[in-house]
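Just so it is clear: chains get the letters A, B, ... in the order the sequence lines come, proteins before strands, and each one is counted from 1. Reckoned from all heavy atoms, side chains included, excluding hydrogens, waters and symmetry mates.
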Amino acid sequence: MPELPEVETVRRQLNDLLIGRKIVDVNVSYAPIIQGDVRMFQSRLIHQTINRVNRYGKYLMFELDDWTLVSHLRMEGKYYLKSSDDVLSKHEHVVFLFEDGYELTYHDVRKFGTMELVQKGFEKNLVSINKLGPEVNDPMIDIKSIYQKIHRSSRPIKSLLLDQTIVCGLGNIYVDETLFLTRIHPETRGNRLTKKTVKALIDNARGVVNKAIGLGGTTIRSYHSTLGIDGLFQNELYVHTKKDEPCPICQTPIIKIRVGQRGTYFCPRCQKKGER
DNA sequence: ATCTATGCCTGGTGGC
DNA sequence: TGCCACCAGGCATAGA
């Protein structure tokens, strides 16, 4: 599932490929991906040029002349740039045709992804964007306000770190890695954590996210990045997907449980509950 | 107000 | 190319 490092990798690739390309037509073969009216979506995009590809959290934002296309890849969304002569696969649900004979296709096996247009400069008018917390790897992040949100909650820390309104960008992989690095049990309640521990969690999350960006993200299961280019961070994982394998620190087998309906991997010896 | 459960989707896997 | 239950999970929404 693309998390911040994977989406950033996609952003960089798309930004290099798409700047200056002008849209001449848009085809949508699975309408629910498009938020709002599909015909309006198409008519607003025609004759618009892609000026830049931005990102906030896990959202891609294609900056056009008058509009911003906000795209979330959810679990398996991918973009491909190909010739308009190429045959489409059955999983390519949205196609942006450019005037130079190339096209950008949106491929999403599970159809979970979303796209929405908003007037350029008014991205915060979208509820989904407006409610996002600060990006987890923002070097100027305000630990105090994050601590306040975490400390007043009885939810498990795993769920809190996945909550994009507290900090945004983390998904299931990097939360498991962050909790391991900080030696925190994923079911520890937010209100059992000290400010010092919350700071350590955010510091470790920033470190793991930035390291993953440097390696082009993580490729596991069927989750490959745009253009068939795979990241390398899967080789750096300590606990996620490592059930029954020895903990890299103490050799105790990694276990898998469910926390808030999410598969969760951790070391039962290194990661303990309780006040920290 | 807070928190939890459910639905959205399809391909891969494992048990029979 | 057997059949089928189950799993993967980010986010919006319904319900407790």
In whole Å, I'd like the distance from the [atom1] atom of [X] to the [atom2] atom of [N].
{"X": "A:Arg110", "N": "C:dA8", "atom1": "CZ", "atom2": "P", "answer": "10 Å"}
{"X": "A:Asp108", "N": "C:dA8", "atom1": "CG", "atom2": "P", "answer": "19 Å"}
{"X": "A:Arg152", "N": "B:dC3", "atom1": "CZ", "atom2": "C1'", "answer": "13 Å"}
{"X": "A:Leu60", "N": "C:dG10", "atom1": "CG", "atom2": "C1'", "answer": "15 Å"}
{"X": "A:Asn130", "N": "C:dC11", "atom1": "CG", "atom2": "P", "answer": "15 Å"}
{"X": "A:His93", "N": "B:dT10", "atom1": "NE2", "atom2": "P", "answer": "8 Å"}
{"X": "A:Asn191", "N": "B:dC3", "atom1": "CG", "atom2": "P", "answer": "9 Å"}
{"X": "A:Leu161", "N": "C:dC11", "atom1": "CG", "atom2": "P", "answer": "14 Å"}

Looking at every strand, decide which applies to [X] at a 4.0 Å heavy-atom threshold: base, sugar-phosphate, or nothing.
{"X": "A:Gly263", "answer": "sugar-phosphate"}
{"X": "A:Arg74", "answer": "base"}
{"X": "A:Ser159", "answer": "nothing"}
{"X": "A:Thr114", "answer": "nothing"}
{"X": "A:Lys149", "answer": "nothing"}

Can you measure from CZ (A:Arg110) to CZ (A:Arg74) and round to the nearest 0.5 angstrom?
11.5 Å
Do any side-chain nitrogens or oxygens of [X] fall under 4.0 Å of OP1 or OP2 in [N]?
{"X": "A:Ser154", "N": "B:dC3", "value": "yes"}
{"X": "A:Lys256", "N": "C:dA8", "value": "yes"}
{"X": "A:Arg258", "N": "C:dA8", "value": "yes"}

Of the non-hydrogen atoms in A:Phe62 and A:Leu18, which two are nearest, and what is the gap between them?
CE2-CD1, 3.7 Å
Which pair of heavy atoms, one from A:Pro156 and one from A:Arg189, lies closest together, and at what distance?
CD-NH1, 4.1 Å
Counting only side-chain heavy atoms from C-beta out, which of [options] sits nearest to [X]?
{"X": "A:Met75", "options": "B:dT10, C:dG10, B:dC3", "answer": "C:dG10"}
{"X": "A:Tyr30", "options": "C:dA8, B:dC3, B:dC9", "answer": "B:dC9"}
{"X": "A:His72", "options": "C:dG10, B:dT10, B:dA5", "answer": "C:dG10"}
{"X": "A:Gln261", "options": "B:dT6, B:dT10, B:dC3", "answer": "B:dT6"}
{"X": "A:His91", "options": "B:dT6, C:dA12, B:dT10", "answer": "B:dT10"}
{"X": "A:Lys131", "options": "B:dT10, C:dG10, C:dA12", "answer": "C:dA12"}
{"X": "A:Lys58", "options": "C:dA8, B:dC3, C:dC11", "answer": "C:dC11"}
{"X": "A:Arg262", "options": "B:dC3, C:dG10, C:dA8", "answer": "C:dG10"}

Flag the pair A:Asp163 and A:Arg155 as a salt bridge only when some basic side-chain nitrogen lies within less than 4.0 angstrom of an acidic carboxylate oxygen.
yes
Only pairs with both distances under 3.5 Å count, Watson-Crick or wobble alike; so what is the partner of C:dT1 in this structure?
none
What about the rings of A:Tyr106 and A:His93, do their centers lie closer together than 6.0 Å?
no
Donor + acceptor pair across side chains of A:Thr68, A:Lys120 (<3.5 Å)
no
Please state the P separation for the pair B:dG11 and C:dT1 - nearest whole angstrom.
16 Å
